[in-house]
Amino acid sequence: QVQLAESGGGSVQAGGSLRLSCRASGYSNCIAWFRQVPGSEREGVASIYIFSGVASYDDSVKGRFTISRDNANFTVYLQMNNLKPEDSAMYYCGGGSDCKGAALRTAHSWGQGTQVTVSS
């Protein structure tokens, strides 16, 4: 059963912006955005506690990405500005009981992913 679903990915030029959405069908205490390129581990980008709104970011995206949540609509967003080619990856949202930095201690659910491609 898919509990989380990402959308909003696409292809943009460097310096452009995208807003990703993660829509949930159930509650998670923490939602985090991850990204993964082929041959590499899935790494946390940003996390947010759903109730408090407290957020954390990986150093590579600080000042460029913003995570937010709309609890009434069961949606977490990742606003990505000033995109760089190195941001290109498959982006996933995951849900868990506790955030750990920009990631999750343990994920209990994952979305299917949405592709982000940034060209020079």
Side-chain angles (χ1 to χ4, degrees):
Q1 294 181 1
V2 178
Q3 299 296 316
L4 305 171
E6 306 93 337
S7 62
S11 182
V12 298
Q13 294 189 359
S17 297
L18 287 171
R19 188 178 75 162
L20 307 183
S21 298
C22 174
R23 291 181 170 82
S25 60
Y27 181 80
S28 296
N29 191 46
C30 178
I31 295 289
W33 284 97
F34 296 75
R35 62 188 180 189
Q36 186 173 30
V37 297
S40 299
E41 294 185 351
R42 189 173 298 184
E43 297 183 331
V45 175
S47 68
I48 188 167
Y49 280 102
I50 296 301
F51 184 78
S52 69
V54 174
S56 296
Y57 299 91
D58 184 76
D59 287 343
S60 66
V61 305
K62 284 182 178 178
R64 299 189 298 121
F65 291 10
T66 303
I67 189 170
S68 62
R69 86 276 196 247
D70 181 353
N71 289 350
N73 290 301
F74 309 102
T75 303
V76 173
Y77 302 99
L78 185 68
Q79 179 67 46
M80 306 186 295
N81 297 327
N82 191 24
L83 283 161
K84 304 175 180 180
E86 51 262 45
D87 294 318
S88 297
M90 184 72 74
Y91 282 72
Y92 301 88
C93 64
S97 297
D98 198 13
C99 302
K100 184 179 181 181
L104 298 164
R105 289 188 58 85
T106 302
H108 63 62
S109 58
W110 293 98
Q112 82 288 348
T114 185
Q115 180 68 45
V116 172
T117 302
V118 185
S119 59
S120 299

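For reference, positions follow the sequence shown, starting with 1. Please read these numbers as outputs of a predicted model, since none were measured by experiment.
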For [X] against [Y], the heavy-atom pair lying closest together:
| X | Y | answer |
| --- | --- | --- |
| Ala14 | Pro85 | CB-CD, 4.1 Å |
| Ile31 | Cys22 | CG2-SG, 4.4 Å |
| Ser60 | Arg35 | OG-NH2, 3.1 Å |
| Ser109 | Ser28 | OG-OG, 4.5 Å |
| Leu104 | Ala32 | CG-CB, 3.9 Å |
| Ser17 | Asn81 | OG-OD1, 2.9 Å |

Just wondering, more than 12 heavy atoms not from [X] lying within 6.0 Å of its [atom1]?
| X | atom1 | result |
| --- | --- | --- |
| Gln13 | CD | no |
| Tyr77 | OH | yes |
| Phe51 | CZ | no |

Note to self: side chain to side chain contact (heavy atoms under 4.5 Å, CB included), that's the test. Do Ser7 and Arg23 meet it? Break it down for me.
What the structure shows: CA-CA 8 Å; Ser7 62; Arg23 291 181 170 82; 3.4 Å; yes

Item checked: Sequence-distant partners of Phe34, ring pair (Phe, Tyr, Trp, His ring centres under 6.0 Å), two or more places apart -> Trp110

Next item on the list: Could you grab the distance from atom OG of Ser52 to atom CZ of Arg69, nearest 0.5 Å is fine?
Entry: 6.5 Å

Notebook entry, point to check: What is the distance from atom OG1 of Thr66 to atom CE of Met80, rounded to the nearest 0.5 Å?
Noted result: 11.5 Å

Do side-chain atoms of [X] reach the backbone of [Y] as a donor and acceptor pair under 3.5 angstrom?
| X | Y | result |
| --- | --- | --- |
| Ser47 | Gly101 | yes |
| Arg105 | Asp98 | no |
| Tyr57 | Ile67 | yes |
| Asn29 | Ser97 | yes |
| Glu6 | Thr114 | no |

Margin query: Is there a path of hydrophobic side-chain contacts, each under 4.5 Å between heavy atoms of I/L/V/M/F/W/Y residues, joining Val116 to Val12?
Written below: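 Yes, Val12 connects to Val116 through the hydrophobic network.
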
Note to self: For residues Tyr49 and Tyr27: do they belong to one hydrophobic cluster (side chain heavy atoms under 4.5 Å, members Ile, Leu, Val, Met, Phe, Trp, Tyr)?
What the structure shows: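 Tyr49 and Tyr27: separate clusters.
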
Next item on the list: Could you check Ile48, Asp58, Leu78 and say which one makes a side chain to side chain contact (heavy atoms under 4.5 Å, CB included) with Trp33?
Entry: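 One option only clears the test, and that one is Leu78.
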
Note to self: Please determine whether a side-chain nitrogen of the Lys or Arg among Asp87 and Lys84 lies less than 4.0 Å from a carboxylate oxygen of the Asp or Glu.
What the structure shows: no

Checklist line | Residue of the set Thr75, Asp70, Asn71 for which side chain to side chain donor-acceptor pair (under 3.5 Å) holds with Asn73 | finding: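 Of Thr75, Asp70, Asn71, side chain to side chain donor-acceptor pair (under 3.5 Å) with Asn73 is met by Asp70 alone.
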
